[in-house]
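In this text, all values refer to a predicted model and were calculated from it rather than measured experimentally.
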There are 2 protein chains.
Amino acid sequence: MGQRGEQLQAEMLTIMDQNSGPISAYDLLEKLRSSNAKMAPTTVYRALASLTEQGRIHRLESMNAYVPCQHDHHHQSSILSICDDCGSVEENVAPDVLNQLETVVGENGFSAKRHVIEVHGLCGTCDSEEAVQ
Amino acid sequence: MGQRGEQLQAEMLTIMDQNSGPISAYDLLEKLRSSNAKMAPTTVYRALASLTEQGRIHRLESMNAYVPCQHDHHHQSSILSICDDCGSVEENVAPDVLNQLETVVGENGFSAKRHVIEVHGLCGTCDSEEAVQ
DNA sequence: TTGTGGAATGTTATATTATAACGTAAAGAG
DNA sequence: CTCTTTACGTTATAATATAACATTCCACAA
């Protein structure tokens, strides 16, 4: 028998919090297997889907990986900035940007339900280090 | 012997233009195999990467699929709106949104290199049809 | 003209990511 | 308690993507 949902989700959040940066579903699975050797991918994906729906984690579509929510899951779409050097991810909430975005796509009558906004580049720290070299 | 790069890329663009909506790498591969039965995934992925670099197609990160560029590859990041009902994709260019986005992530010193902006929802047509039902 | 070095392409194999399908167990409603 | 619904377990497989290395092409020098 496996763990029941909430306990599993809690354990997953702990792992993700301890992990510095995004983690893939299978890397997460591997860590979870230290406490439950038989855990299957399906179980992990289901829990990830649930956590995502709750707004407690975010999926990075451009990396097939997951990060904990940094702004206490208020369900609004976030802007995720991803450092391609050190892998760190920052989350920003900016209603103005979302509004502007909906205006732009709305010009064709499009009705937005879900936003994927991911910015790749260099975080402040890594950008400074690049400049030095 | 397979086809040389440019010819392959041209054929891929033709297929993508004829296809109504995003196409996955493997669906594209299957179509290409009607003219070259031995084509391998690697070949397709390399050509897709090249076309993406040239700005002639866009990859939909949230769908693992590709669409032709609708604005004659000026390399600027686009806003892609994806209808979850009929699968159509529209491309918008909105420098204002990009600027605002860079300002937001720049507050932490982040230096943006690449934007992934994908909006899921219903296109004007499908949204109207929903309302009727 | 030939050879040689580098880049693009071909080829094989495999890694990584994700879901389908179906049986079983748990927990709340009545 | 028992039914029904939802979550969970399990097995298998589908879908997406890349690593690694061999081969070919082609520009350019000797």
Trainee: Reckon Thr43(B) has a side-chain N or O less than 4.0 Å from the OP1 or OP2 of dT9(C)?
Mentor: no
Trainee: Rounded to whole angstrom units, what separation is found between the CG atom of Leu8(A) and the P atom of dC8(D)?
Mentor: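 Checked: the CG to P distance equals 8 Å.
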Trainee: Using whole Å, report how far CE of Met39(B) lies from C1' of dT11(C).
Mentor: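 Rounding to the nearest Å, CE of Met39(B) and C1' of dT11(C) are 13 Å apart.
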Trainee: Ignoring hydrogens and angles, does a donor from either the side chain of Tyr26(A) or the base of dA18(C) sit under 3.5 Å from an acceptor on the other?
Mentor: yes
Trainee: Do side-chain atoms of Ser50(A) reach the backbone of Arg46(A) as a donor and acceptor pair under 3.5 angstrom?
Mentor: no
Trainee: Rounded to whole angstrom units, what separation is found between the CG atom of Leu51(A) and the P atom of dA7(D)?
Mentor: 14 Å
Trainee: How many whole angstroms separate atom OH of Tyr45(B) from atom P of dT11(C)?
Mentor: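 Distance, rounded to whole Å: 19 Å.
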Trainee: Take atom CD of Gln7(A) and atom C1' of dA7(D), then tell me their distance rounded to the nearest Å.
Mentor: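 It is 15 Å, rounded to the nearest whole Å.
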Trainee: What's the CE-P distance between Met63(B) and dT16(D), to the nearest Å?
Mentor: 10 Å
Trainee: Whole angstrom is fine here: how far is it from CG in Leu48(B) over to P in dA8(C)?
Mentor: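 Leu48(B) atom CG is separated from dA8(C) atom P by 17 Å.
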Trainee: Rounded to the Å, how far apart are Lys38(A) NZ and dT24(C) P?
Mentor: 16 Å
Trainee: Hey, is the side chain of Arg46(A) poking within less than 4.0 Å of OP1 or OP2 on dT6(D), counting only N and O atoms?
Mentor: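 Looking at the OP1 and OP2 atoms of dT6(D), neither is under 4.0 Å from any side-chain N or O of Arg46(A).
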Trainee: Looking at Gln70(B) and Val89(B), would you say the former's side chain and the latter's main chain have a donor-acceptor pair under 3.5 Å?
Mentor: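 Yes, the answer is positive, given that a donor and an acceptor are paired below the 3.5 Å cut-off.
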Trainee: Search all heavy atoms of Phe110(B) against all heavy atoms of Cys123(A) and return the closest pair with its distance.
Mentor: CD1-CA, 3.6 Å
Trainee: Please evaluate the base of dT19(C) for a donor-acceptor partner in the side chain of Thr42(A) within a cut-off of under 3.5 Å?
Mentor: yes
Trainee: Hey, does Arg59(B) have a side-chain heavy atom less than 4.5 Å from the side chain of Leu48(B)?
Mentor: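 Counting from C-beta outward, Leu48(B) and Arg59(B) never come under 4.5 Å.
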